[in-house]
Amino acid sequence: MDLTVSVLLGTFILSVLALFVFIASMAKGLFGSGGAAAVQIFDKNEVGTVEDPAATKAQRGELQQAMDPAHLDNRRNAFEVGTRLRADQSSSLVVGVCLTMAVVWLVLASLAGLVASIKLHAPDWWVSQAWLTFGRIRPIHLNLVAYGWCSMAGIGVALWLIPRLLKTELVGAKYALLGGALWTVGVTAGTVAIALGYSDGLEWLEYPWKIDILLVIGGALVGFPMWLTLLRRKVAHLYVSVWYIAAGLLWFPILFLVANWPGLHFGVQQATMNWWYGHNVLGLWFTPLGLAAAYYFIPKVLGKPIHSYNLSLLGFWSLAFFYSQVGGHHLIGGPVPSWLITISIVQSMMMVVPVVAVAINQHLTVLGNFRALLYSPTLRFIVLGAMLYTASSVQGSLQALRSVNTVTHFTHYTVAHAHLGLYGFYSMVMFGSIYFIMPRVMKWEWPYPWMISAHFWLVLGGFSVYFIGLSFGGWYQGLAMLDKDIPFMQSVTLTIPYLQARSVGGALMTLGHLVFAAHFFMMGWKFGPRRLGAALLAAPDAAPAAARALPGKGVAA
Ligand code: HEM
Ligand code: HEM
């Protein structure tokens with residue numbers, strides 16, 4: 001047995017053991033609710049106080065009414081408020097820069113996606129320029145969403161969460177700033193390279209490897225300060241979001257380096273590595289960042305600790321154990337050893353464990369408080385994202401079954417699932433997080449609350465059309481391809497109305513992103529009336545005092 005097989009089997013056995021640990025822990029009743037760790041994200045007396053800097057004053061009042069009308073005590077400990085203010089201030093510049101770049105990439109990526117979408121039902125449109133052909137504009141879209149929007153937004157949110165959760169100022173923010181700048185140069189260079197026809201030719205790994213070096217150095221410079229802050233932390237206990245972020249920061253560089261190393265993988269091994277990376281970048285990079293944000297913002301906005309802290313740890317560990325082997329399900333039916341595919345299918349089904357753990361936890365935290373969604377813009381996006389995490393993962397597990405994959409592979413159904421995961425789950429969570437964070441970073445409230453609603457309804461409506469249309473179209477396409485009596489061309493033409501529907505849905509999503517970006521930059525330029533109630537953690541005159549305050553003194557926050 002060679003080393004690769006031993007390693008694969010070793011991690012598989014470890015995963016099975018993790019399942020037994022899970023069952024044993026359940027039997028021992030380890031999943032009680034509450035716990036000191038779950039309230040760590042709150043200051044003293046803060047449980048019961050809602051928080052959403054994206055909500056208007058009226059919405060905040062309604063939110064508090066919906067959650068805990070009897071909670072009158074908002075006298076907070078001045079020392080704790082000061083600590084949080086200093087933590088926020090230490091990261092605000094680099095977070096602002098990362099999130100600004102993320103929004104720019106989001107708009108460009110959406111426009112590229114829309115062009116690629118139209119080309120699939122109007123192939124003669126815009127063909128005179130090589131960079132606008134489908135073969136280039138599609139990877140431009142994919143890489144811009146993956147390394148531009150999703151990574152930059154996730155890094156920005158993580159850089160903001162880490163000091164808050166560790167109650168420590170960000171150490172070495174200037175390195176993170178330099179890292180963000182290098183990453184931006186890398187994404188720009190990678191996009192231009194693909195547009196000019198230079199590509200490494202593997203999906204998710206298209207940027208030429210020399211450009212990847214910029215991302216490696218940039219990523220290291222961004223990650224380093226988070227590790228340093230972790231070492232200097234002032235809290236005894238690490239909240240579950242820190243686990244997810246730290247793990248993502250560890251996993252992603254390994255994945256990215258191994259997959260992009262030139263001349264290391266060939267033939268079938270290269271395909272296997274390609275999808276080992278392709279799925280792990282989703283499960284071990286974007287998913288942890290998205291879940292870290294959801295685990296922080298859902299309880300924080302509601303002023304209510306997460307339902308079961310132990311369950312959240314189980315979700316984390318089972319993700320760590322089960323995810324690394326699932327990539328093979330992208331190669332079902334391919335010329336790859338069947339045991340490798342079978343392991344990936346088993347692991348894909350086992351993913352039900354972390355997914356159900358997260359689902360129970362996050363949904364039970366919100367259960368009974370759905371009215372809060374009416375008043376909190378942050379929560380509206382994040383709870384929708386959390387629900388779609390469950391949906392995309394359950395769909396993914398089923399899609400990994402050979403019987404289902406035979407129909408869906410090579411069809412638009414896979415693309416619908418891809419957007420359910422990376423858009424419905426991840427991007428929605430990032431939108432909500434940005435709505436919460438930016439008022440704290442800019443010390444200015446969102447100027448026009450109607451634009452947040454417009455963003456939400458445009459992307460929800462657009463995405464629904466996109467997802468439903470493409471799922472049906474893809475399924476019918478798969479059935480037609482399997483039917484020996486149907487000519488192949490018919491399986492292509494039958495998808496045209498569904499592809500047109502995707503363009504309509506995608507156009508609405510893009511419009512939503514333009515509204516979001518316009519609002520984001522308006523906030524940057526301090527448009528709108530001066531409303532600082534929610535944007536500031538403490539009242540303006542109390543803020544400097546709180547930052548200097550000694551333990552035990554109360555301030556109104
Ligand atoms: C239990 C969890 C999940 C499982 C088992 C799973 C399974 C799958 C399967 C079987 C495919 C199709 C492979 C093919 O036929 O080509 C797929 C594709 C994909 N999934 Fe998932 N999925 C899961 C969760 C997620 C999540 C949470 C995300 C997003 C964060 C996501 C994003 C994607 C993307 C982007 C693709 C398309 C990849 C490509 O072809 O470029 N999945 N997934
Ligand atoms: C933040 C927003 C978005 C994210 C995260 C995202 C993500 C993705 C991903 C992961 C893929 C690869 C799918 C696969 O290979 O199975 C993809 C492909 C694609 N996306 Fe998006 N997307 C976004 C927005 C859009 C928008 C607004 C449109 C407009 C219609 C769009 C249209 C497309 C098209 C046409 C493809 C290529 C599908 C194919 O090759 O058949 N996307 N996107």
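Each ligand, and each atom within it, is numbered from 1 in the order the structure gives.
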> To which of Met349, His279, Gln399, Gln395 does the heavy atom nearest atom 23 (C) of ligand 1 belong?
Replying inline: His279
>> Measuring from atom 29 (C) of ligand 2, which candidate in Asn143, Leu114, Leu508 has the nearest non-hydrogen atom?
In response: Leu114
> Once the angle between the rings of Tyr309 and Tyr239 is folded into 0 to 90°, is it parallel (under 30°), tilted (30 to 60°) or perpendicular (over 60°)?
Replying inline: tilted
>> Out of Arg138, His513, Lys119, who is nearest to atom 37 (C) of ligand 2 when you count heavy atoms only?
In response: Arg138
>> If we only consider heavy atoms of Gly278, is any one of them less than 4.0 Å away from an atom in ligand 1?
In response: no
> By ring-ring contact (aromatic ring centres under 6.0 Å, His included), which residues pair with His330, not counting sequence neighbours?
Replying inline: Trp275, His279
>> Quiz question: by atom type and distance under 3.5 Å, do the side chains of Ser117 and Ser503 form a donor-acceptor pair?
In response: yes
> Would you say ligand 1 has an N or O under 3.5 Å from any N or O of Glu203?
Replying inline: yes
Just list the side-chain donor-acceptor pairs under 3.5 Å for residues 250-258, sequence neighbours left out, or say none.
none

>> Less than 3.5 Å apart, any donor N or O on the side chain of His363 or Thr390 sitting next to an acceptor on the other?
In response: yes
> Do the two ring centres, one from Phe472 and one from Tyr498, sit under 6.0 Å apart?
Replying inline: no
> Which residue pairs satisfy the salt bridge (Lys or Arg N to Asp or Glu O under 4.0 Å) criterion with at least one member in residues 132-144, sequence neighbours excluded?
Replying inline: Arg138-Glu203
> Any N or O of Ser110 that comes nearer than 3.5 Å to an N or O of ligand 2?
Replying inline: no
> Under 6.0 Å between the ring centres of His417 and Phe467?
Replying inline: no
> Does ligand 2 have a heavy atom under 4.0 Å from the side chain of Tyr426, from its backbone, from both, or from neither?
Replying inline: neither
> How are the rings of Phe456 and Phe381 set relative to one another: parallel (under 30°), tilted (30 to 60°) or perpendicular (over 60°)?
Replying inline: perpendicular
> For atom 21 (Fe) of ligand 2, how many protein N, O or S atoms come closer than 2.8 Å?
Replying inline: 2
